[in-house]
Protein chains: 2
Amino acid sequence: MRRDIFQAIADPTRRAIIALIALQAMTPNAIADNFNTTRQAVSKHLRILTECELIKQEQQGREIYYSLAIDRMKEVDIWLDQFRKIWEIQFHQLDDVLSTIRQQKNEK
Amino acid sequence: MRRDIFQAIADPTRRAIIALIALQAMTPNAIADNFNTTRQAVSKHLRILTECELIKQEQQGREIYYSLAIDRMKEVDIWLDQFRKIWEIQFHQLDDVLSTIRQQKNEK
DNA sequence: AGTTTGCGAAACCGAATGGTTGCGCATATA
DNA sequence: TATATGCGCAACCATTCGGTTTCGCAAACT
């Protein structure tokens with residue numbers, strides 16, 4: 001059972017859930033109301049998101065409020081960084097810098 | 001057959017391939033040499049990456065060079081943007097701004 | 001011309017995925 | 001106390017996934 005953030009955000013419903021609870025905590029039923037799906041299906045997604053520590057939960061009576069652990073999203077941001085560098089290089093047409101990066105990579 | 005960039009980067013081998021061909025075009029065999037996998041397996045990954053237009057190919061004799069269509073990576077960057085805003089808000093403790101965003105969302 | 005090499009495509013397989021249904025438990029409400 | 005509600009969990013199911021093996025084709029060597 002592979003469980004990393006990239007696999008977590010691969011599913012469109014899960015991305016929607018993440019966006020939904022990013023701003024405020026919500027219960028499974030409240031989340032399910034926003035999509036064309038059941039609470040149980042949402043519950044399974046929440047479990048996956050919990051397993052990769054992408055969300056937090058807070059019990060309140062018999063209700064459980066889920067919210068986003070937004071810091072974990074930075075992992076994706078960090079991963080993207082390597083490509084952002086290349087965008088900049090291409091944008092500025094710095095072909096010599098590009099070959100320097102290639103060289104550094106080969107030296108590793 | 002769902003085929004979007006998020007599903008494409010969900011697989012760790014595919015992420016590695018993407019990083020590998022980001023700087024220079026490579027053939028399937030050359031790519032496979034970098035991992036503990038076969039050319040055929042790489043070929044399947046390349047097909048998936050092609051289907052979501054994340055890579056380009058250029059035939060050269062009997063060899064096919066694959067390279068990254070880096071612009072497509074920006075989609076992930078754009079998606080991340082909504083969370084980056086929240087990072088900044090939390091960092092600056094701008095709780096009033098946060099509730100404004102919530103309000104704007106509710107008005108939509 | 002004959003052989004080797006690089007490749008995609010198809011068939012197949014076990015494992016994982018996303019969903020449903022049904023259950024039991026705890027908390028609320030009457 | 002009896003009933004309704006919110007929830008996680010397990011069982012089940014069809015589909016997809018990632019990989020291997022095999023094949024056929026085209027380009028490159030000998």
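Excluded from the calculations below are hydrogen atoms, water molecules and symmetry mates; all remaining heavy atoms, backbone and side chain alike, are included.
- Of the two residues contacting DNA chain C, namely A:R14 and A:Q60, the nearest-nucleotide position lying further toward the 5' end is that of A:R14.
- Going from atom NE2 of A:H45 over to atom P of C:dA16 covers 18 Å, rounded to whole Å.
- The distance from the CD1 atom of B:I78 to the CD atom of B:Q82 is 11.5 Å, given to the nearest 0.5 Å.
- Here D:dG8 presents its P atom at 8 Å from CD of A:Q59, a figure rounded to the nearest Å.
- For the pair B:Y66 and B:K56, the minimum side-chain heavy-atom distance is 4.5 Å or more.
- Atom CD1 in A:I31 sits about 14 Å away from atom P in D:dG6, given to the nearest Å.
- A salt bridge links B:D4 to A:R15: at least one charged side-chain nitrogen sits closer than 4.0 Å to a carboxylate oxygen.
- Atom CD in B:Q7 sits about 12 Å away from atom P in C:dT17, given to the nearest Å.
- Of the residues in residues 16-24 of chain A, not one places a heavy atom less than 4.0 Å from an atom of DNA chain C.
- A:F6 places a side-chain heavy atom less than 4.5 Å from the side chain of A:W79.
- Crowding of B:R47 atom CZ: a count of heavy atoms from other residues, nucleotides or ligands under 6.0 Å not exceeding 12.
- Using a 4.5 Å heavy-atom cutoff, the side chains of A:I21 and A:Y65 are not in contact.
- Between A:D4 atom CG and C:dT17 atom P the separation is 10 Å, expressed in whole Å.
- Look at CZ on B:R15: it is 16 Å from P on D:dC17, rounded to the nearest Å.
- Atom CZ of B:F35 is separated from atom P of D:dT20 by 14 Å (rounded to the nearest Å).
- Counting only residues at least two apart or on different chains, no side-chain hydrogen bond (donor to acceptor under 3.5 Å, both in side chains) pair has a member in residues 30-43 of chain B.
- Contact annotation: the side chain of A:Q7 never approaches that of B:D11 to less than 4.5 Å [non-hydrogen atoms, C-beta and beyond].
- Across A:I31, A:L54, A:I64, a single residue satisfies side-chain contact (heavy atoms from CB on, under 4.5 Å) together with A:L46, and that is A:I31.
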Contact string for nucleotides 1-12 of chain C, one letter per nucleotide 5' to 3', B = base within protein heavy-atom range under 4.0 Å, S = sugar-phosphate only, - = neither, reads ---BBSBBB---
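- In this entry the distance linking CD1 of A:I48 with P of C:dA16 reads 13 Å, nearest Å.
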